[in-house]
Amino acid sequence: MQPPPRYSGLFARDPRTPDSFWISLRYFNYYRMVLAALFLGITAFYDDALNLGSHRLGLFRAVCAIYLALAVMFHSVLRHLKDLFNTQLTAHLALDVVAITLLMFASGGIRSGLGVMLLVAITGAALVAPRRLAILYAALAAIALLLEQTYWVLRFDAPEANYLQPALLAMGGFAGAGVVSWLAQRVAANESLARERGRALQTQLRVNQLVIADMQDGVLVLDREGRVAQHNPQAQRLLGAGALRGTELARLVPGFAAHWRAWREGEAAAARLETELQGRGLRLRMMATGDAEQPTVLFVEDTTRAREEAQQIKLAALGRLTANIAHEIRNPLSAISHAAELLDEEQRERERGRLTRIIHDNTQRLERLVSNVLQLNRRDRAAAERVPLDTWLPAFVEDFCANESVPPGRIVIEMAQPMAVSFDREHLRQVLWNLLRNGLRHARAEAGSVRIVLNAFGDQVELNVIDNGPGVARSILGQLFEPFFTTDSKGTGLGLYLARELCAANDGALEYVDDMQGAHFRVLCREAQSP
């Protein structure tokens, strides 16, 4: 099997040929038709008075007529066959080289000056041809010039020194083809990049238009005078206006004029405005797109809708909480009711004592549940104050050990330096009480089984509660802070959930750190400044 020709791809079909190349080839063919018609007309009126056809006038006129006819044929092909660009371009250049060489010969050779027309043809072709074809065209023109001059030397004994002019023209053809082809490739690459970026920009614009049109918030673009230049449909609905384009927004929104003036003067605080319009709460937020001369983007948010959605979320959460509370209360109540019925029938003191303890334990469980629910209600009333941990924490641990009947040595405080946090004292007490109770329940019964480790980083204080128990199973890590989730049969499942909510109410956070064998809970608090 024979290998394909080395440059077979130059003349293959290429659907990626830009339309601008076909347009350039068409206009260059117009130039060819005008040139042939001009030469033919000049020789028809002036014969060889202008040195055109001075050697053989008949040949000159015949070549001009054929040149014009073929140019017209090429024009028809270009209109009906938009394919094989390089093949058509090569046919055009071959015609130019042959025709101009014959015209030059009929006009007396190189001294006629028509050889310059070959440079025009080569340069024009190099604008749209691959670099290899451009060099090929220059080589064909150089061969034609040298052959024409050789004919004059051999046939008419022309001086051999006349080879200088054809050689200079050939060198100019190669130089022009190389430089113009390189510049044309740079232009074509830039054009392709610009076209690609233009398509990407158009796609991005369509996406932006779809997103902005479908936004729940209104978006407006204001010019320097506060007039609406652009807007999305939602802005029109929120403002309750007809045509917005060109309207001064200050006429539609109460209090906007003062905020707009302050915003234009550089006051950042004036970028936000909350107002009411036609019974609907609106929040306006302005953003600059550049310097003061650029337009301003204004976002309009329906706060009434946001409040309604928040209310719906709260009601849904309240419904789930109520259902869980009812479920949690039902079990202790059933146990109390059943124990009370048995207590009426039981005569032995030992059994009566056991049933009494059941009633007492379940009553305490209900009390803890009610207390936790009340704590949830009080989370929004946090009164943060400066709590010096170096004095408050030891007193708290002593109180905890006394109330929970825990040996003091089981809880160890590790504090490198005195530090204070900004926290509601009662909330901090509740959080640590829950964490210590959980830690002691799972830790080993030995000294130092639960550690309270304090660290300070920047403006934050880390309060770590670490025990030496088995830790939290990975299978339940995702449910650790969910309300009413517990692994203790006597627990309410609100301890960790309540602790995290109280930390959030004090601008802090509670998280579980899975970095050791035991359980490790970390409370992040804001460090309080010295008084």
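In this text the structure is predicted, and so the values were computed from the model without any measurement. When reading the values below, keep in mind they use all heavy atoms of this one structure, side chains included, and skip hydrogens, waters and symmetry mates.
- No side-chain heavy atom of S24 sits under 4.5 Å from any side-chain heavy atom of L127.
- Heavy-atom neighbours of R111 CZ from other residues, nucleotides or ligands within 6.0 Å: at or below the threshold of 12.
- Side-chain atoms of S54 come within 3.5 Å of backbone atoms of S107 as a donor-acceptor pair (strictly under, hydrogens ignored).
- Closest non-hydrogen pair, A528 versus S422, comes out as CB-N, 3.8 Å.
- Between L146 and T150, the shortest heavy-atom distance links the atoms O-OG1, 2.6 Å.
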Just do the side chain to side chain contact (heavy atoms under 4.5 Å, CB included) check on H231 and V228 with the steps written out, would you?
CA-CA 7 Å; H231 64 87; V228 178; 4.0 Å; yes
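- Under 4.0 Å is where a charged nitrogen must lie from a carboxylate oxygen, and between R61 and D47 at least one such pair does.
- Every residue two or more places apart in sequence or in another chain was checked for a salt bridge (charged side-chain N to carboxylate O under 4.0 Å, His left out) with E527, and none qualifies.
- For the 3.5 Å distance criterion, the side chains of D514 and H520 fail to qualify, holding no donor opposite an acceptor.
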Indicate every side-chain donor-acceptor pair of residues 196-203 with a distance under 3.5 Å to a residue at least two apart or in another chain.
unit_1 : atom_1 : unit_2 : atom_2 : d
T203   : OG1    : R199   : O      : 2.9
T203   : OG1    : R206   : NH2    : 3.4

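- Y30 and Y27 have perpendicular rings, their planes meeting at more than 60° on a 0 to 90° scale where under 30° would count as parallel.
- A distance of 4.5 Å separates CG of L35 from CE of M117, quoted to the nearest 0.5 Å.
- Here T296 contributes atom OG1 and R224 contributes atom CZ; the two are 10.5 Å apart, rounded to the nearest 0.5 Å.
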Side chain to side chain contact (heavy atoms under 4.5 Å, CB included) evaluation trace for R131 with W182:
CA-CA 7 Å; R131 184 174 300 179; W182 178 76; 3.2 Å; yes
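- Residues H259 and V253 form no side-chain contact, since every pair of their non-hydrogen atoms from C-beta on lies 4.5 Å or further apart.
- Within 6.0 Å of the CZ atom in R272, the count of heavy atoms belonging to other residues, nucleotides or ligands does not exceed 12.
- Atom CG of L38 is separated from atom OH of Y31 by 10.0 Å, given to the nearest 0.5 angstrom.
- Using a 4.5 Å heavy-atom threshold, the side chains of L95 and R32 count as touching.
- Across all non-hydrogen atoms, the minimal contact from L510 to C503 is CB-SG, 4.0 Å.
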Worked check of side chain to side chain contact (heavy atoms under 4.5 Å, CB included) between F299 and M286:
CA-CA 6 Å; F299 295 93; M286 290 177 277; over 6 Å; no
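- Between the Q88 side chain and the L81 main chain, a donor and an acceptor come within less than 3.5 Å of each other.
- For the residue pair R26/N29, the side-chain donor-acceptor check at 3.5 Å is not satisfied.
- We find the CG-CZ distance between L114 and F39 to be 5.5 Å, quoted to the nearest 0.5 Å.
- Side-chain atoms of V513 and F521, non-hydrogen and from C-beta on, never get closer than 4.5 Å to each other.
- Not counting sequence neighbours, Y46 has no partner by the ring-ring contact (aromatic ring centres under 6.0 Å, His included) test.
- Counting heavy atoms from C-beta on, the side chains of L298 and R285 never come closer than 4.5 Å.
- Side chain of N506 to backbone of D424: a donor-acceptor contact under 3.5 angstrom is found.
- Under a 3.5 Å cut-off, the side chain of S112 and the backbone N or O of G109 do form a donor-acceptor pair.
- Here the side chains of N464 and N455 are in contact, with some heavy-atom distance below 4.5 Å.
- Considering only residues two or more places apart in sequence or on other chains, R245 meets the salt bridge (charged side-chain N to carboxylate O under 4.0 Å, His left out) condition with none of them.
- The shortest non-hydrogen separation linking L118 to V97 is CD2-CA, 3.7 Å.
- Between L102 and F60 the shortest side-chain heavy-atom distance does not fall below 4.5 Å.
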Distance-only donor-acceptor pairs under 3.5 Å for side chains of residues 66-78, two or more places apart:
unit_1 : atom_1 : unit_2 : atom_2 : d
Y67    : OH     : D96    : OD1    : 2.5

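- Using a 4.5 Å cut-off on side-chain heavy atoms (C-beta onward), T90 and Y137 make contact.
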Show, in sequence, the C-alpha distance, side-chain angles and deciding distance for L169 and I110, and conclude whether the side chain to side chain contact (heavy atoms under 4.5 Å, CB included) test is met.
CA-CA 10 Å; L169 280 176; I110 194 68; 3.5 Å; yes
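- Of all heavy-atom pairs spanning A125 and L93, the tightest one is CB-CD2, 3.2 Å.
- E462 CD to R522 CZ: the interatomic distance, rounded to the nearest 0.5 Å, is 4.5 Å.
- Checking side-chain atoms of N232 against main-chain N and O of V219 turns up a donor-acceptor pair under 3.5 Å.
- Taken to the nearest 0.5 Å, the CZ atom of R227 stands 14.5 Å off from the CG atom of L220.
- With sequence neighbours excluded, the residues satisfying ring-ring contact (aromatic ring centres under 6.0 Å, His included) with H55 are F105, W152, F156.
- Counting only distance, with no hydrogens or angles, the side chain of S181 and the backbone of G178 share no donor-acceptor pair below 3.5 Å.
- Nearest heavy-atom pair across A384 and R526 is CB-NH2, 4.5 Å.
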